[in-house]
Amino acid sequence: MKKVFALVDCNNFFASCERLFRPELNGKPVVVLSNNDGCIIARSNEAKALGIPMGAPFFKFKPLIVRHNVHVFSSNYGLYGDLSHRVMEVLRQMEADVEVYSIDEAFLSLPVTQVWNRHQYAAELRARVKKQVGIPVSIGIATTKTLAKIANRVAKKEARFQGTFDLVGNSQTDQVLAQTEVNDVWGIGRRSTEKLNRRGIYTAHDLKRADPTWIRKHLTVGGARTVMELNGISCISLEKAPACPKSIITSRSFGHPITDLDNLREAVISYVSIAGGKLREQGVEADTLNLFITTGPFDEQAGYSNNQTITLQRPTSSTPELITAALQCLKSLYRPGYRYRKAGIMLAGITSHGYRQQDLFSFSQPAVKEDKQLMAALDRINNKWGRQTIQYGMTTAEDKPWSMQQTRKSPAYTTNWQELPVAKAAGV
DNA sequence: TCTGGGGTCCTAGGACCC
DNA sequence: TCTGGGGTCCTAGGACCC
């Protein structure tokens with residue numbers, strides 16, 4: 001049976017999550033900040049209307065924010081992740097073919113039916129997510145993912161469509177494309193937009209009609225695919241099962257610049273612990289570790305960035321083994337006299353436990369088995385009581401210079417018993 | 001004073017081999 | 001006077017996404 005794509009996208013997701021537990025903020029401007037309260041990464045419609053751009057440094061817009069009484073939240077990924085899960089569950093209840101594309105988006109594959117049926121179905125989907133989770137979503141429907149993205153933009157922007165827009169067999173498709181700027185097309189970023197503009201291509205409709213040979217040459221295969229998709233030829237299919245990740249990264253900017261090796265070491269240990277947890281959570285192991293440390297791009301003083309890769313003897317998901325490798329890297333990377341602002345580790349060469357090539361000489365290594373049991377116990381405890389309950393090689397100092405600045409974080413309403421929202425009856 | 005974090009894919013160029 | 005042609009593998013960097 002012929003299928004079409006629906007893109008379900010949560011509106012202003014992080015801002016909507018924060019408002020869910022603060023209903024008095026509905027209709028008021030809300031923004032959510034990135035780690036360390038650095039940038040603005042989510043805005044309610046009211047905040048957008050004030051002209052606060054996506055990704056803007058917080059401090060630059062602080063005067064405007066104060067003036068208009070915008071409500072500001074540090075990011076609370078525990079909360080957003082949990083609500084995201086709930087949204088995806090509701091979608092799965094209604095539709096078997098769901099691809100979770102990002103924390104706030106999912107592609108669905110729908111059978112081709114009458115326009116009216118599709119409209120009804122989308123309305124029902126929206127209503128269920130709203131009722132069961134409380135998050136507003138928009139839905140775009142089309143014959144390709146790229147067109148579904150565009151349909152979704154229309155659904156979100158034009159209130160008269162009530163959160164749903166369908167481009168399948170829609171005679172106004174070219175008109176919609178002509179009203180879509182080329183940099184708003186999925187897969188066309190800043191650099192490609194510059195190239196296309198120089199060639200006189202400004203809208204999605206221009207791009208649809210562009211010369212495929214030129215596109216292939218200057219925008220490579222990705223660009224060529226985008227043009228096909230705009231023409232209604234589906235090149236990007238629905239990926240139901242999440243693939244084994246190719247890399248896992250944990251990196252952070254420090255709350256304050258660091259100059260000494262001891263603090264750097266603590267930060268690295270803490271990031272490696274997080275990354276190790278991610279490996280075990282997904283049931284995979286890595287055999288390559290890369291550590292990088294860097295000074296800030298905005299620092300006046302001389303900068304230094306460097307990274308080093310270590311290939312491990314065998315794939316592992318054991319935090320202590322990873323820490324040993326990472327500290328080895330750190331030792332050779334560290335140079336005194338710099339103000340370090342960020343560090344991170346990348347794990348690669350990832351394989352799933354089951355498919356690992358057996359090492360001839362490691363048939364029954366009791367040490368490996370013990371290590372796995374230890375990691376499992378550690379994960380259980382930290383999952384139950386919080387990530388920081390048991391940690392490797394940490395000092396107990398309260399004010400670690402590297403730890404994140406988050407002064408406006410909302411409670412973990414849904415993932416921590418201590419922080420459950422409290423219901424108050426009227427008049428009490 | 002204060003500018004996020006986590007991913008994927010593609011290509012060019014170097015090293016190496018026959 | 002003159003210096004092949006292919007192939008593979010790896011890495012760094014660019015571009016894009018949310």
Show me the donor-acceptor pairs, under 3.5 Å and distance only, between side chains in residues 222-235 of chain A and residues at least two apart or in other chains.
unit_1, atom_1, unit_2, atom_2, d
A:T226, OG1, A:G222, O, 3.1
A:E229, OE1, A:K145, N, 3.4
A:E229, OE1, A:T146, N, 2.9
A:E229, OE1, A:T146, OG1, 2.6
A:E229, OE2, A:C235, N, 2.8
A:E229, OE2, A:I236, N, 3.0
A:N231, ND2, A:K208, O, 3.0
A:N231, ND2, A:V227, O, 2.9

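Rounded to whole angstrom, the span from the OH atom of A:Y101 across to the P atom of C:dC16 amounts to 13 Å. Separating the CD1 atom of A:I274 from the C1' atom of B:dG5 is a distance of 12 Å, rounded to the nearest angstrom. The distance from atom CZ of A:F107 to atom P of C:dC17 is 12 Å, rounded to the nearest whole Å. The separation between A:M54 atom CE and B:dG5 atom C1' is 12 Å, rounded to whole Å. In this structure, the CD1 atom of A:I40 is 12 Å from the P atom of B:dG4, given to the nearest Å. Straight-line distance from the CD1 atom of A:I103 to the P atom of B:dG6: 12 Å, rounded to whole Å. Atom NZ in A:K60 sits roughly 15 Å away from atom C1' in B:dG4 (whole-Å rounding). A straight line from CD1 of A:I236 to C1' of C:dC18 spans 15 Å, rounded to a whole angstrom.
Take A:R252 and apply the salt bridge (Lys or Arg N to Asp or Glu O under 4.0 Å) test, not counting sequence neighbours, and it matches no residue. Residues meeting the salt bridge (Lys or Arg N to Asp or Glu O under 4.0 Å) test with A:D379, sequence neighbours left out: A:R280. Scored by the ring-ring contact (aromatic ring centres under 6.0 Å, His included) test, A:F161 finds A:F165 as partners (sequence neighbours excluded). With sequence neighbours excluded, no residue forms a ring-ring contact (aromatic ring centres under 6.0 Å, His included) with A:H256. A search for salt bridge (Lys or Arg N to Asp or Glu O under 4.0 Å) contacts involving A:E181 returns nothing, not counting sequence neighbours.
Contacts classified as ring pair (Phe, Tyr, Trp, His ring centres under 6.0 Å) and involving residues 268-304 of chain A (residues at least two apart or in different chains) are given here: A:Y304-A:Y338.
With 3.5 Å as the limit, one finds a donor-acceptor pair spanning the side chains of A:N11 and A:S138. With no hydrogens or angles considered, no side-chain donor-acceptor pair links A:Y101 and A:E239 at under 3.5 Å. For the residue pair A:S410 and A:N76, a side-chain donor N or O sits within less than 3.5 Å of a side-chain acceptor on the partner. If you check the side chains of A:D37 and A:S74, you find a donor sitting under 3.5 Å from an acceptor.
Of the residues near DNA chain B, A:F58 and A:T250, the one whose nearest nucleotide (by heavy atom distance) lies more toward the 5' end is A:F58. With the nearest nucleotide of DNA chain B identified for both A:S251 and A:R339, A:R339 has the one nearer the 5' end.
Contacts of A:D104 with the nucleic acid, taken as non-hydrogen atoms under 4.0 Å apart, involve only primed sugar atoms and P, OP1 or OP2. Nucleic acid contact class of A:F298 (heavy atoms, under 4.0 Å, all strands): base. Within the nucleic acid shown, A:E105 comes within 4.0 Å of sugar-phosphate atoms alone, with no base atom in reach, counting heavy atoms only.
A:I269 is listed as a side-chain neighbour of A:L327, based on a closest heavy-atom distance under 4.5 Å. With a 4.5 Å cut-off on side-chain heavy atoms, A:Q406 and A:N35 count as touching.
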Would you write out the dot-bracket form of DNA chain C, 5' to 3', with Watson-Crick and G-U pairs under 3.5 Å, [ ] for crossing pairs, | for pairs to other strands and . for unpaired bases?
....||||||||||||||
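Listed in residue order, the members of residues 179-202 of chain A having a heavy atom less than 4.0 Å from DNA chain C are A:V185, A:W186, A:G187, A:I188, A:G189, A:R190, A:R191, A:S192. Residues from residues 7-18 of chain A with heavy atoms under 4.0 angstrom of DNA chain B: there are none. For the segment residues 69-98 of chain A, the set of residues with a heavy atom within less than 4.0 Å of an atom of DNA chain C is empty.
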Residues A:T415, A:D82; criterion side-chain hydrogen bond (donor to acceptor under 3.5 Å, both in side chains); working and verdict:
CA-CA 7 Å; A:T415 52; A:D82 184 54; over 6 Å; no
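For B:dT1, neither phosphate oxygen OP1 nor OP2 lies less than 4.0 angstrom from any side-chain nitrogen or oxygen of A:K62. For the OP1/OP2 pair of C:dC17 and a distance below 4.0 Å, the side-chain nitrogens and oxygens of A:S102 include no atom meeting the criterion.
Ion pairing between A:E194 and A:R191 holds under the 4.0 Å rule for side-chain N and carboxylate O.
In this pair, A:F5 and A:F107 present their aromatic rings perpendicular. The plane angle is above 60°, beyond the 30 to 60° band.
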What N/O pairs connect the protein and nucleotides 8-12 of chain B at under 3.5 Å? Give each pair on its own line.
unit_1, atom_1, unit_2, atom_2, d
B:dT8, OP1, A:K246, N, 3.0
B:dT8, OP2, A:S247, N, 3.4
B:dT8, OP2, A:S247, OG, 3.0

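When the P atom is compared between B:dT3 and C:dC18, the two are found 25 Å apart, to the nearest whole Å.
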